[in-house]
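To start, the structure under review is shown below, and the notes come after it.
What you are looking at is a predicted structure, and each value in this text was computed from that prediction instead of being measured. Note on naming: letters A, B, ... go to the chains in the order of the sequence lines (proteins, then strands), and numbering restarts at 1 for each one.
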2 protein chains.
Amino acid sequence: MPVRLKDIAKELGVSAVTVSKALRDHPDIGQKTKDKILRRVKELNYRPNLTARSLVTGRSSLIGLVVPDLIHPFFSEIAKALSAALRQKGYFLIVASSDSDPALEQNEIEHMLQHRLDCLVVASCQKDAAGLRQVRTGGHLILLDRNFPGFSSNFVGIDDYKAGELAAEHLIAQGCRRLAHIRGPHNNVGNRRAEGFLAALKRHGLETPDSYILETRESADAAGEALGAEALDRLMAQAQRPDGIFCFNDLLAVGAMMRALETGVRIPQELAIIGCGNYHYCNKLGVPLSSVDQGAVEIGSRAAEMIASLIAQPTSNKPQTAILTPTLVVRASSQRQ
Amino acid sequence: MPVRLKDIAKELGVSAVTVSKALRDHPDIGQKTKDKILRRVKELNYRPNLTARSLVTGRSSLIGLVVPDLIHPFFSEIAKALSAALRQKGYFLIVASSDSDPALEQNEIEHMLQHRLDCLVVASCQKDAAGLRQVRTGGHLILLDRNFPGFSSNFVGIDDYKAGELAAEHLIAQGCRRLAHIRGPHNNVGNRRAEGFLAALKRHGLETPDSYILETRESADAAGEALGAEALDRLMAQAQRPDGIFCFNDLLAVGAMMRALETGVRIPQELAIIGCGNYHYCNKLGVPLSSVDQGAVEIGSRAAEMIASLIAQPTSNKPQTAILTPTLVVRASSQRQ
DNA sequence: TTGAAAGCGTTACCAC
DNA sequence: GTGGTAACGCTTTCAA
């Protein structure tokens, strides 16, 4: 049985309240009493029972994070950064992976809420915001990376429109004129990136045939590359081959690039490729992959700040939003000059 | 304010105890009463307060995991597998990253214990077991990947000696005769892998000069590659160059391989390279990297089983141990035939 | 500056 | 089958 606050109080001949005050250095306590208590606390290696504390204070010091996939570099970086930032504020991170399954995600969220989290952070893979609506009754909610039109919520993510623009501008600057896009799912993220990409092309007077915009299913890591490879085949089978591709994420880009190299397409001379996410292994590839960086580390730390601010707020004000600007990381796969 | 068990009881004209029984389908309750309660519970979207439940049952349904680095593919795979397996058993995973800092690790562990975890799982980066000794007073402890001689504890990991042997046998079978090893830290893992490697060489009558066994500092992800590159330079500067290298982990191997390719060394013809860990991006590299697979997913699920078994045990018996057998994954970097 | 009493939301125990 | 009562370990409030 672990030592309890009460045990220490009895042993030292003071009340439990006094010990409690000493531990949280409450002002209403004499220095001598406090020293005496803290010394004994250390000797006994006493650990306050946060469960009991939570019950009475109503705050758990637990923050929940639900992501589609913990192996995905983008999300593991966020998890790491968030966990580190929260630690300094005295919070703990509970993590769950939804395996990109909306039902499982909803399930995980429900379970998490039973732990009376101080805040829940979700990179959601839901089709719509229906499930998330009732979540909000449980406390603070922050959406990560992806939000839902019509669902007003705290949010941290990047400017996806800008990401698409950046990629397009870069490829055009490298001399590409026939630009294709292997796009992502039909949600806010996929749509905005495609829109930004196409808008930039239009500004430069470049036409993009419909057959240059390829759809892919949303996919877990394993399948993602295969989808990229398949999409590349479809692009290269066309009479007019594209000379530049922007892929929704690096996984698709890697798949596309590997297939291109296999089939003898020279990269970047014949075909420039750029992805999105800037996964940490991009620079280790046979041809290092250019990518639009989503700033996972900053997303994590901004989320931590937002959490602190939400918890500090006495009443729930209007939703907070942090939209970060993506940055371009140019490597060999798109560098033609 | 969320709905409480008590509220439901009052509304339905039954006692709190009865509602509690219905929720955990306790046998001592009539079917009709139970149905009535469960229906209302669902309507109200009631979520039991696990904090309160924990306080009275003494079990938190929280499992802690502390790893050196969440971005490290080996550990993120373990985290994912463990989290998935635990979910099915009704447990939750709390994750913390120690950034490979022993002091920070100890700190994280202390904090975690305050949450009254049902079990703590640690992939430790401590120098010795001193800090972990007093952790055990807090409940169950499982060491992951790395254990400490003289510290008897539950453990899940691979047979590191075997890992070294596998790598050596493979390189020898590929025709290598001058084998080098870029070794890991001087702990149980680094030592055993080196021992297994050298023992296999000896069995085949191969000599290994001391200058072929290179030391590296323990290092986080960013620096790991640089260390590998540096080690490769030292090896290739020798009069007699090695024709095969076993690296302690894939990060070192990638660094070494990239430097080798940069300097015009042909892989695997002049130099065969094999790493350890089988990171998910091994097959995406310019020259796909051979590796000894540590079975991260199985480590995660075995840990989950062990957790369940430890918690079920009324009294703490002798430590449980699961030593998995590593497997060889051959790719282009070492395949000479 | 200290502490007694009341409670946080739930479950265990044992009467009925 | 059902429910009253007493915890679980801590903090809050307020009187001394």
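One finds a side-chain N or O of B:S20 lying less than 4.0 angstrom from the OP1 or OP2 phosphate oxygen of C:dT11.
Closest to the B:R24 side chain, of the nucleotides D:dC10, C:dT11, D:dG3, is C:dT11. Side-chain atoms of B:L55 lie closest to D:dG9 of the nucleotides C:dT11, C:dG3, D:dG9. Listed nucleotides: D:dT2, D:dT12, C:dT2. Nearest to the side chain of A:I29: C:dT2. Residue A:V17 places its side chain closer to D:dT13 than to any other of D:dT13, C:dT2, D:dC10. Comparing C:dG9, C:dG3, D:dG9 by their nearest atom to the side chain of A:S15 picks out C:dG3. For A:V14, the side-chain atoms get nearest to C:dG3 when compared with the rest of D:dC10, C:dG3, C:dC8. When the nucleotides D:dC10, C:dT10, C:dG3 are ranked by their closest atom to the side chain of A:Y46, D:dC10 comes out on top. Comparing C:dT11, D:dT11, D:dT2 by their nearest atom to the side chain of B:K21 picks out D:dT2. Picking from D:dG3, C:dT11, D:dT12 the nucleotide with the shortest atom distance to the side chain of B:L5 gives C:dT11.
When the shell of 6.0 Å around CD of B:Q88 is examined, it contains 12 or fewer heavy atoms from other residues, nucleotides or ligands.
Between A:L12 atom CG and C:dT2 atom C1' the separation is 14 Å, expressed in whole Å. For the pair B:Q114 CD and D:dG9 C1', the computed distance is 14 Å after rounding to whole Å. One atom, CG of A:L50, and another, C1' of C:dC8, lie 15 Å apart when rounded to the nearest Å. Counting to the nearest Å, the P atom of C:dA12 and the CZ atom of B:R53 are 9 Å from each other. Rounded to an integer number of Å, the gap from B:N49 CG to C:dG7 P is 18 Å. Remark: P of D:dG9 and CZ of B:R116 are 9 Å apart, rounded to the nearest angstrom. Put simply, NE2 on A:H26 is 17 Å from P on D:dC10, counting in whole angstrom units. Rounded to a whole Å, the CZ atom of A:R4 is 16 Å from the C1' atom of D:dT11.
Nearest-nucleotide positions on DNA chain D place B:P27 closer to the 5' end than the other of B:T57 and B:P27. In this structure, B:A16 and A:V19 both approach DNA chain D, and ranking their closest nucleotides by distance from the 5' end singles out B:A16.
Taking 4.0 Å as the cut-off between side-chain N and carboxylate O, A:D7 and A:R4 count as a salt-bridged pair. A salt bridge does not link A:D28 to A:K21: none of the charged side-chain nitrogens sits closer than 4.0 Å to a carboxylate oxygen.
Atom CG of residue B:L117 and atom CG of residue A:L50 lie 10.0 Å apart, to the nearest 0.5 angstrom.
Contacts of A:T33 with the nucleic acid, taken as non-hydrogen atoms under 4.0 Å apart, involve only primed sugar atoms and P, OP1 or OP2. As judged by a 4.0 angstrom heavy-atom cut-off over every strand, A:D28 is placed among the base-contacting residues.
Between the side chain of A:N154 and the main chain of A:L141, a donor-acceptor pair closer than 3.5 Å is present. Here the side chain of B:D118 pairs a donor or acceptor atom with the backbone of B:S60 at under 3.5 angstrom.
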